[in-house]
Every structure is written in C-alpha cells, then in structure tokens.
Amino acid sequence: MKIPNFFKSVFFGVPVGITIVDIIGYIARVDGISMQPALNPDRTQTDYVFLNRWATKGYEIKRGDIVSLISPKDPSQKIIKRIIGLEGDVIATLKYKSDIVRVPEGHCWIEGDHTGHSMDSNNFGPVSLGLITAKASCIVWPPNRWQFINSFLPESRAPLNLSSRSIIGIAY
Amino acid sequence: MGVYRNILLSQNAQRYFLGTVGTFIKYGCLAHCTFQFVGDFVLCSGPSMEPTIHSDDILLTEHITPWMGQIRHGDIIIAKCPSNPKQQICKRVIGLPGETVKVGFASYKSVPRGHVWLQGDNNSNSLDSRSYGPIPQGLIKSRAICKVWPIKSVSMLVS
C-alpha cells in the first residue's frame, strides 16, 4: 500500500509545484553583464533574483521595472532587461537604424543598464508585451545583496515625451 | 459528554473542510497544468481563417509542439496578438525563419531569426503578418489539432 501512496503524492505534488512556479514566481540566476550595475555588479559572483509571475499577469508594467522576457531572436532564451518606454513613447535610440522611434501599440522599449554591452531594443527594436514573462522583484542571493528591486528609470534614457530636456518634450 | 462530542464533531467538520479545500487545490493545479502545458480548447471568432475555420468553432489545441520549437509550414497556431497581449490570434504559419515569403505582387520579405510569418486563410479579410510583419516565436502558444465543435464539422486540421 505504501508505494501506490507515494505515486499518488507525486501525481498531485508535481502539478501543485508547477502551478505555484507558474502563477506566483520562481528564482532564477542572472547571467551576463548586460544589467550592470543593478544586477551582477561584481564579476566574481552572480545574482539570483526572484521573478514575480503574478506581477505581470495583466501586463501592467511600469517604466523602470526590470522584467524577464523571451528573446525575440531566439525563443528558447530568456533575457532580463529594464523597461524604458511603453506604447506611444518616443525614444531617442542608441545605434538603432533610426534615431527616434515611437513605440507601437502593445509594445515596449527595453534596454540593459550596461549601455553598449547589452543585446536589447537598440538591437532588435521594440518588443511585444506578450513576450514578457515575469518581473524581477528582489535579489535573493548572495545574502549581502538581499534587497528589493526598485523601479528606476535613468534620467538620460527617459522617453523624450516624459523628459523636459528635449525640444520634443516641450512641444508636447 | 455532550460538550466533548461537539468538539469532536467540529474537529471532524474542520478536517472534512480542509480535506475538501485540499482536493479542490490538487485538482485545480492538475487542470491548470494540463491546460497550460498539454492542451486546451479554444473558441475562435472572426472571419480571418475562413473557409477552414468559421466563427464560433471550437478547436482542440496542443502546447507541446510550440514548446519544443517544432512548428512547421502550414500549421494552424494560436498566438498572442503582437499589438495586444491579452488577445489571441489564430493563423496559419506561412514562413519560418530564414525563408522568403511573397507579400505582394512582386515583393518578397525574408523572415528574421526567431520569427514566423502568419497569414489567415481568408486573404481578403485577415489582419496578419502582412500588416504587422513577422511575429516572434515566443508569442506562439499552441497548435490547433482538430475542430471539435460544431459536431457536423468535426475534422482534423491538416497542414
């Protein structure tokens, strides 16, 4: 009688586990240098972040959030970037094919914090919101890096329609 | 004695209640996993896939092929709409990464890496890759296998 009980536990335990991971969130390792200095500031240790799936359920994301998304270039790869612009925003791009881009409906503009060392929207353009899988809400490992990740939009990268530094901003 | 029996009864009721909630959670999670990772039913609306699929047809779809990246030419897929992630679209895969698709009378477009070219079967009345370009493979949710409703049009969907 013991063994069938064990199988029964697995039969229900696995779906319960998967559902929790799928709905609430999970912990993932951050690879690469593209989000320095917010994530992986030190070469010698890698950060582990909690990816909050619940927060992106309704695709209600804000500028400055760090999100994980499926790479538009390779669906088997996940990337972690910062949201710079939402739909309708005007972005001054860096080394993209056009200098100024208006983010289309249902899309967002994402960038890594480490300008120039990141494969982001400056490379492949605006990405569809549907590719976003989760929001990075805190760093859980190593212990000396324990912290919540706050929404932060670098002043120099803010969309032109929000910042006052540009002529376009004043025109709005 | 009476008080003791009441406590016993309420403990039993509590246990029974927790047991019921537990059962709901277990089967709920099992259903969630099945619909999320194995297969589910989709109600289609709109004319874009006529004559293959009509409005209000119900399709049986599976999630395993897209998950393994085994999408092929001619498959009918359900994907998130690129301009509104809360909406889903049902289209046919016309072009895979690296291929060239004919978009106009004499204009061709190549499908970039990690993308697919989608088109509805109803060429004259379909909002598809011809208007919003190739869509990332990451947006594909599932592949349609067969029509299950209405009864008289039950059939497999072939590539």
Side-chain angles (χ1 to χ4, degrees), chain A residues 5 7-24 53-61 67-79 81 83 86-88 97 102-108 110 119 121 123-135, chain B residues 19 21-38 40 63 65-71 77-89 91 93 96-98 110-118 127 129 131-143:
Chain A
N5 251 341
F7 281 117
K8 207 173 150 193
S9 309
V10 170
F11 183 73
F12 284 111
V14 170
V16 170
I18 294 175
T19 306
I20 291 172
V21 162
D22 192 48
I23 291 183
I24 297 171
R53 300 259 307 156
W54 188 262
T56 56
K57 231 170 121 62
Y59 301 101
E60 286 142 0
I61 46 165
V67 294
S68 83
L69 62 152
I70 302 167
S71 166
K73 286 203 160 175
D74 177 6
S76 60
Q77 204 186 357
K78 288 242 176 85
I79 54 179
K81 300 283 174 237
I83 305 270
L86 300 174
E87 64 179 29
K97 58 190 176 195
R102 181 183 283 276
V103 181
E105 188 193 353
H107 285 65
C108 60
I110 52 157
M119 183 88 145
S121 280
N123 200 284
F124 43 68
V127 294
S128 175
L129 285 179
L131 291 175
I132 292 175
T133 55
K135 177 186 160 186
Chain B
V21 170
T23 310
F24 264 108
I25 292 177
K26 278 194 295 195
Y27 284 98
C29 291
L30 196 63
H32 174 88
C33 289
T34 312
F35 293 143
Q36 201 73 20
F37 303 108
V38 183
D40 61 356
H63 295 234
T65 324
W67 181 65
M68 300 208 306
Q70 302 281 320
I71 290 291
I77 54 120
I78 313 287
K80 289 182 198 164
C81 178
S83 58
N84 176 8
K86 290 177 188 168
Q87 209 187 338
Q88 295 188 357
I89 51 174
K91 304 277 178 228
V93 176
L96 293 172
S110 72
V111 182
R113 226 178 89 201
H115 288 62
V116 287
W117 189 271
L118 301 181
L127 189 67
S129 284
S131 59
Y132 45 66
I135 73 154
Q137 279 175 351
L139 290 179
I140 299 177
K141 289 192 64 175
S142 55
R143 182 178 74 95

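Convention: sequence-line order gives letters A, B, ...; per-chain numbering from 1.
Among the candidates B:Ala31, B:Pro97, B:Gly28, B:Cys29, the residue making the largest number of heavy-atom pairs closer than 4.5 Å to chain A is B:Cys29. Heavy-atom pairs under 4.5 Å with chain A peak, among B:Ile135, B:Ile140, B:Leu30, B:Asn84, at B:Leu30.
Rounded to the nearest 0.5 Å, atoms NZ (A:Lys8) and NZ (B:Lys26) are 5.5 Å apart. A:Glu87 contributes atom CD, which lies 9.0 Å from atom OG of B:Ser83 (distance to the nearest 0.5 angstrom). Taken to the nearest 0.5 Å, the CZ atom of B:Arg113 stands 7.5 Å off from the OG atom of A:Ser71. Interatomic distance, A:Ser76 OG to B:Trp67 CH2, rounded to the nearest 0.5 Å: 12.0 Å. Here OH of B:Tyr132 is found 12.0 Å from CD of A:Glu105. Values are rounded to the nearest 0.5 Å.
Of the atoms belonging to B:Phe37, it is side-chain heavy atoms, and not backbone ones, that fall under 4.5 Å from chain A. When heavy atoms are compared at a cutoff of 4.5 Å, A:Ile23 approaches chain B solely by way of its side chain, counted from C-beta outward. Both the backbone and the side chain of B:Pro82 come within contact range of chain A, judged by heavy atoms closer than 4.5 Å. Using a 4.5 Å cut-off between heavy atoms, A:Phe124 does not touch chain B at all.
Of all heavy-atom pairs between A:Pro75 and B:Gln137, the closest is CG-OE1, 2.9 Å.
Side-chain contact between B:Lys80 and A:Tyr59: present, with at least one pair of heavy atoms (C-beta onward) separated by less than 4.5 Å. Using a 4.5 Å cut-off on side-chain heavy atoms (C-beta onward), B:Pro136 and A:Leu131 make contact. Side chains of A:Thr19 and B:Cys33 form a contact here, defined as non-hydrogen atoms less than 4.5 Å apart.
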